[in-house]
Amino acid sequence: MKKKKLTTSAGAPVSDNQNSLTAGERGPTLLQDHVLLNKLAHFNRERIPERVVHAKAAGAHGTFTVTKDVTQYTKASIFAKVGKKTPMFGRFSTVAGEKGSADTVRDVRGFALKFYTDQGNWDMVGNNTPVFFIRDAIKFPDFIHTQKRMAQTNLRSHTMWWDFWSQVPEALHQVTILFSDRGIPKGIPYMNGYSSHTYSFINARNERFWVKFHFKTQQGIQCMPQAQADELAGQNPDYHTEQLFNMIEKGEYPKWTLYVQVMPELEAENYRWNPFDLTKVWPHADYPLIEVGEMELNKNPENYFAEVEQSAFSPANVVPGISFSPCKMLQARIFSYADAHRYRLGANYEHLPINRPQCPVNNYQRDGAMRFDGNGGASVNYEPNSFNGPEADPAFAEPPLKISGNADRYDQKRGVDDDYVQPGNLFRLMPDDEKKRLIQNISASLKQVSKDLQEKMVAHFRKADKDYGDGIAKEIGL
Ligand code: NDP
C-alpha cells in the first residue's frame, strides 16, 4: 500500500521529521522551524482536564435489544417493540483513582451507558452498586475529598474515610458493599450496573411510574480476592481495561440483561422507604425485577482518546418516556455532569462524534469554542421567527408532578433505624465466609485509624447487625 505523505497540522508536506533546522551542523535551532514548533506546541496541549472522579476507565461500543414488552410503563422509543435494536457506548471506571491508577483497587465502579435512540441520547450514568454513600449532593465535594488526597502529604488517608463515614451513617449501606467481595470485581464483564437513582417512566397515556434500572451480568458476578488484586495493581495496573479489550477482540462479547423495578407514582408517598433516597434499594419482594432487554458490548474503540476520554455522559440526557425523580443526588447530577463536560471538553462537546446523537438535532444554539460542524449554516438562529425554524412540540410535555411543602433544608431520613436496616439486611444475606471477608476487609482499614474513630464505627455496625459490629470489634481488638 502506498504510504501517505506526512504533513503539518495545516496540511503542508514535511520534508524532514527527524532533524530540526539548525544554523550550521552544530548551531542552535532556528525559530523558523515551524515543523518542530507545531509538533512541540501541540504535544504540550495533548492532555485535557482529567475527570475529578471516574478518571480511569475502559469503554466499548455495543447494542441494546428489547426482549420483553414494557410499553405499558413507558413510551420511550428505545423500548418500542420486542426485537428493536439501539446502538450504545459504555464507559466503565473506578471512582477515586487518577487516570493512570490501578484497575484492581477496592472502589465503586462507574457504569455509564449512552444509548443513541431515535429520539435523542439516553444516558444511564450508573454504578456497579445499587446505592451511594450520601443522599444529598451538598455533601458530595466533601465526600470526594475524603476519597482523594490529604492537603499536606498528598497521600490517601483511612482516617479521612472513617472520620467522614462515622459522622454520616447514611453511608453504611454503601460502605458494606464497598468492603464486601463486590468491592473488587474480577473484571468489567463480571459486575452488575444499576441506575442507583430512581428515575421515572411515562407511558403513552401520560401516566408516571417511578423506576430503577438494573443491568445484571450474564457472565455471573465474579469478584477478585484482595491478595490477587493487590498483586495485579503492581504487575498490571490496567488489568480490567486489557481484559475487556481482549474479550471483545476474541468475539467473547459480554452481555447484561436489563431489568426494571416499577413503582406506580402514588405509592411513593406511603412506602416504608423514601424511594428517592439514594442510600436505599427497593427490596425485590416489594418491587420485583421486570425483564426489558439485553445489552451486548461487541466493538472496541478505534481510538481511546476520541471515544473513551471524550465520551461525556450526563443524567440530564433523558428521552421522551424516561425522566427524572426528586432524588436530591440526581437533581444535582443533572447540573453537574454537563457542567463538568463544558469545562473539560468545551461548550460544543455534544458535537464530538462519540457524543453526537444519531438522530436529527435542530436548535438555535450557535458558535462557541471549537464549533466544528456547519454551525447551523445559513438557517435562522432565533425564535420566534418567520423562517420555518424548528418548533417545540407540546405533545412531549410530561404530566405535571404534584409538589407540596415549605422551602426548607430537610434531612430525608425516615425514622431512627433508617440508615441501619438495609446494611443489616445485606450483611444477613451474606454467606458466613463472605461475612468473614467483609469483617476482615473493614478491620484492615479500621486498624489504621484512632481508637475513637474505631469505637464510633463499631457502634454504627452494631446498629446494623450485632454480629457485624461484634465481629469487627473482635478483629480489631477493641
Ligand atoms: P433479596 O434477597 O430479594 O435480594 C438480595 C439481592 O442482593 C440479590 O438479588 C442480589 O442483587 C444482592 N446480593 C446478593 N448477594 C450479595 C452480596 N454478597 N453483596 C451485595 N449484594 C448481594 O433482598 P432485598 O431486595 O430485600 O435486598 C436485601 C439487600 O440486598 C439490600 O439491603 C441490599 O443491600 C442488597 N441488594 C438489593 C438490591 C435490590 O435492588 N433490592 C440490589 C442489590 C443488592 P443483584 O441480583 O442485583 O446482584
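The model shown is predicted, which means the values in this text are computed figures rather than measured ones. Order of appearance sets the numbers: ligands from 1, and atoms from 1 within every ligand.
With respect to Phe213, the ring-ring contact (aromatic ring centres under 6.0 Å, His included) criterion is satisfied by exactly one of Trp122, Tyr259, Phe64: Trp122.
The aromatic rings of His197 and Tyr199 sit perpendicular, their planes meeting at an angle over 60°, well past the 30° parallel limit.
Distances from atom 23 (O) of ligand 1 to the protein include no heavy-atom value under 4.0 Å.
With ring centers used as reference points, Trp256 lies under 6.0 Å from Phe111. Aromatic rings from Tyr468 and Phe427 are positioned such that their centres are separated by under 6.0 Å.
Of the candidates Asn128, Val281, Ile177, it is Val281 that places a heavy atom closest to atom 31 (C) of ligand 1. When the heavy atoms of Arg182, Gln174, Arg437 are ranked by distance to atom 20 (C) of ligand 1, first place goes to Arg182. Of the options Gln422, His284, Lys435, the smallest heavy-atom separation from atom 8 (C) of ligand 1 is shown by His284.
Across all their heavy atoms, Gln454 and Val449 have their closest contact at NE2-O, 3.5 Å.
We find that Asp418 and Lys280 are joined by a salt bridge, their nearest charged nitrogen and carboxylate oxygen being less than 4.0 Å apart.
Annotation: Lys216 places an N or O atom under 3.5 Å from an N or O atom of ligand 1; distance criterion only. Of the N or O atoms in His173, one or more lie within a sub-3.5 Å distance of an N or O in ligand 1.
The atoms of ligand 1 that sit less than 4.0 Å from any heavy atom of Asn192 are 45 (P), 47 (O), 48 (O). Each of the atoms 43 (C), 45 (P), 47 (O), 48 (O) of ligand 1 lies under 4.0 Å from some heavy atom of Tyr194.
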